[in-house]
Each structure stands twice: as C-alpha cells, then as structure tokens.
Undergrad: 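Next up is a structure, given as structure tokens.
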There are 2 protein chains.
Amino acid sequence: MQSRTPASRTGRPRSTAADAAILAATRQALVELGWSRLTLGDVAVRAGVAKTTVYRRWAGKNELVVDAVAELFDELCVPDRGSLAADIEGVVLQFAAILARPEARSGLMAVVAEATRDDALRERIRASIVDRQKRLVLAGRARAQARGELPAEADVDRAARTVDLIFDMVAGAVVHRTLVSAEPADEEWVHGFTRVLLSGLASAGSA
Amino acid sequence: MQSRTPASRTGRPRSTAADAAILAATRQALVELGWSRLTLGDVAVRAGVAKTTVYRRWAGKNELVVDAVAELFDELCVPDRGSLAADIEGVVLQFAAILARPEARSGLMAVVAEATRDDALRERIRASIVDRQKRLVLAGRARAQARGELPAEADVDRAARTVDLIFDMVAGAVVHRTLVSAEPADEEWVHGFTRVLLSGLASAGSA
DNA sequence: GTGCTTTCGCTACGAGTCGTAGCGTAATGC
DNA sequence: GCATTACGCTACGACTCGTAGCGAAAGCAC
C-alpha cells in the first residue's frame, strides 16, 4: 500500500488481510472515537494485530487515515443519466453520500488540516483522494462533449483552469455544506447548486 | 470571552491582558507548530501565564483555537467598490487573504474536523466565525438591492436558501482552492469564480 | 527436507502531554 | 479589615507515543 518493495521476493510476505483489517479498523475507530481520540494502539487491537505491525506499514496516524479514507472514494463513478446536468447531479449526490458517513467527516478534514504543514501528506492526499475525484470531472466533460452539450475546448490552458475551478466549486461547496453548515446535501440542494453552476459556466463561458 | 460571569462583582477580576496574550500566543503557536503539536502548556509559556490560568478560561484546545482563529475574521467587511460583482470580488479576496495566513489554515480545518463529533463546538464555530462571514453576504445583497442590481426577494424562505447556497459556494470554493488544491486564490482566480457565480445566479434566478 | 529472509506478536521502555489538586499570594468590592 | 476571586507555581497519576528486543512463524531458493 505505502511501502512497495518490488525487489523483495524472499522472506515472509506481508499479510494483505492485515492491511485490510487495519484500514477497516481505522474507519471503525474514526466512527466511534473521531480523529483526536483515535490512537494507533487502539486500531491495532481492533484489527487483531500487534501495534508494531501497524507502525511497520504506516509512518503515522496521518498516513493511515488518508489511506483508510481514500478507500471510501473507490466507489465514485460517473453515472450515465442522459444529460450533463443529470450526470453532475449524480456525481455530486455520490460525493455527498460519502461525506455523510462519519468516518469520512472526521477523517478527511483532519488530514487536510494536518496537510497544511506537511507537503508530503498533501501530496499523498492529492494522489489518493483528490485526483480520484478530479477524474470524474474530466470524464463528465468528455461525455458531455460526446453528446454535443459542450464544445471541444480550443485553449488547452484555459480548459485546464476551468476544470480546476469546477472541481474547487463542486467539492468545496459540498464539503462546506456538509461539514461547516452541517446540513444535508440532499437532492433539493444539489439540484439548486447544479443549476447555478451550469448556467454560470454556460453564461461565463460564452461571454 | 467564554465564561461570562456577570453576577461576579466581587473578587479579583480576570486580566483582560491575559486573554489577549493567550489568544495571540495560540496563533503564534499555530504558525510555528501547527494544530497537532500545539499544546496548552506551550501556549501558556508563550503567553507568559501559568498553565492553570489557560485551563480556567478555556475548556480545552478546541475552544481556545476557535476563539483565537475567530479574531482573524474581525477585519472582514464589505468594501463599496461600486458594483455587486466588484463587491463580491473584494470580499472573496479578503476571505482568501485570511485563509492564506498559516494560523488560519492550520487552525480552522482542525476545529471543523473536531466539530464533526462535537455539537457544542460546531455551535461555537457557527456563532463566532460562520455567522460573522454570512453577515457579509447579507450586507452585500442589501447594497446590491439598494443599487437596483438585485430585485427585492418576494419569497423569504427561498431567499434564505439562496443566501445559504451562495455562502456555501463562496466559502467552500475558497477553502477548497486554498487548502486542498493548495493554490492561491489570487485576483485572476477570484475574478473567474465570481463571474461564474454571478452569471449562474442571474440565469438560474430568472429561470 | 534445509537454510535464508522477512514478518509477526509480544513485552518493556523513556519521553512527553494531559488535566487536576493544592498552596500561598495578589487584586478587587464591601 | 474581610470575603472573594484570580494568579503563579509545583507536583501528581494516567495516558499515548514511537522504538527496541526477542522468539516464533511463514514464505522462497536450493
């Protein structure tokens, strides 16, 4: 997961079951204890492994929680709902559903906070969580272009900035709604948000 | 600040200078150490007070950091730049400037993460930070209505939902851009964001 | 099978932080 | 002066941290 040693063919291999058990135990501990009260010793007990085993695989609490939370985003995909607006609503609803889970709420914000002072951790979050989300934006745009709802971008640089802007707006709004305003990103909210975002992109893009 | 005892007229009064020193020391510690390595004992030493004095005034690290970060948002105001778009850009740039400061980056996300499992803490954040920001949205809308750029809302309930949506979109996008994407919310970005947001609100609102 | 290598579980350890209690002193209102 | 509260200081048990050391287990090469 984090210490790939492709050259090591000999010796006892690491238990993949232990990896899964530790990550699952981490999520369970996040639900029951939250970030601050989560200890690696407790995770080890829940996973049924020794504390030293956890430390051999992860450098610390930050990295462990990033990997545990990242698995939650594996299920994200772009559903084909027929139109760009409906596709976006579908993705946003999926994202909101993940953020509604307590293990994501507690863990995600905490590691982002830690990442403000740890470049390596931020890079790890980017690689295992953010990029996985950003891929959805690209996939959705490609599908919309195939449908003819969006024109093929002429300026590559400008298109990249637009994708980044969309991503920050979508992820940021859902996270803020869910975690700061502490109100559900339900279908009604997502519908209103998507309408503003899409008409804004259409108007500002044509202007 | 947090333990108002208006009935206590007798006895030695609490030093207001100590309050300010502790909050300033907390922000300094956030800059130098970040959230996870910040300890109340260290804050006490920096502030030049005894550790017990800190514990007498704040229940714990969470509450202390909320109050310390909240003071950063005191300077927020709605500048009169002549148009709704320019006003919004001004506010967003102010918000981005605060989030660019390390004591805000480290502290804000951490307490939001803790608040996912602590209703009292979330209420404290709402009262001392979020509401202070949301007031800007209301002030900006009032000024735009006075200018005639926005119509007076007919449906009060719908208007309230719109304000909440705008607030989540603005704050969420800036936070995500700054902390997750780790790129500056500079004038160029803010300009593009504001254009999408405003044209989206105009189109979706008229539809 | 025999070895070599690496992982595993377990125990123990010093270091550091936590939040609190106790004490004498300082500062205010009556 | 007296009651009351805040302050600085010290000390304390409890807890978590991350690491080291050990013997046993599980693979792979031969």
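Being a predicted model, the structure only gives us computed values, none of them experimental. Chain letters run A, B, ... following the sequence lines, proteins first and then strands; every chain starts at 1.
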Undergrad: Looking at C:dG19, does its base get a donor-acceptor pair with the side chain of B:Arg56 below 3.5 Å?
TA: no
Undergrad: Whole-Å distance between C:dT7 P and A:Asp19 CG?
TA: 12 Å
Undergrad: Can you list the residues that meet the salt bridge (charged side-chain N to carboxylate O under 4.0 Å, His left out) rule with A:Arg81, with sequence neighbours excluded?
TA: none
Undergrad: Can you classify the ring geometry of B:Phe167 versus A:His176 as parallel (below 30°), tilted (30 to 60°) or perpendicular (above 60°)?
TA: perpendicular
Undergrad: Should B:Thr10 be listed as having a side-chain N or O under 4.0 Å from OP1 or OP2 of C:dC30?
TA: no
Undergrad: Kindly state each residue pair satisfying salt bridge (Lys or Arg N to Asp or Glu O under 4.0 Å) with at least one member in residues 108-120 of chain B, sequence neighbours excluded.
TA: B:Asp119-B:Arg122
Undergrad: Between A:Arg14 and C:dT7, does any side-chain N or O lie under 4.0 Å from OP1 or OP2?
TA: yes
Undergrad: Is there any ring pair (Phe, Tyr, Trp, His ring centres under 6.0 Å) pair reaching into residues 12-50 of chain B, and which pairs are they, with sequence neighbours excluded?
TA: none
Undergrad: Report the residues that fulfil ring-ring contact (aromatic ring centres under 6.0 Å, His included) with B:Trp189, sequence neighbours left out, ordered by chain and then residue number.
TA: B:Phe193
Undergrad: Using a cut-off of 4.0 Å between protein heavy atoms and nucleotide atoms, how would you tag nucleotides 13-19 of chain D 5' to 3' with B, S and -?
TA: ---SSBB
Undergrad: With a cut-off of less than 4.0 Å, is there a side-chain N or O of B:Arg12 near OP1 or OP2 of C:dA26?
TA: no
Undergrad: Is there any salt bridge (Lys or Arg N to Asp or Glu O under 4.0 Å) pair reaching into residues 103-112 of chain A, and which pairs are they, with sequence neighbours excluded?
TA: A:Arg101-A:Glu103
Undergrad: Rounded to whole angstrom units, what separation is found between the CH2 atom of B:Trp35 and the P atom of C:dT17?
TA: 16 Å
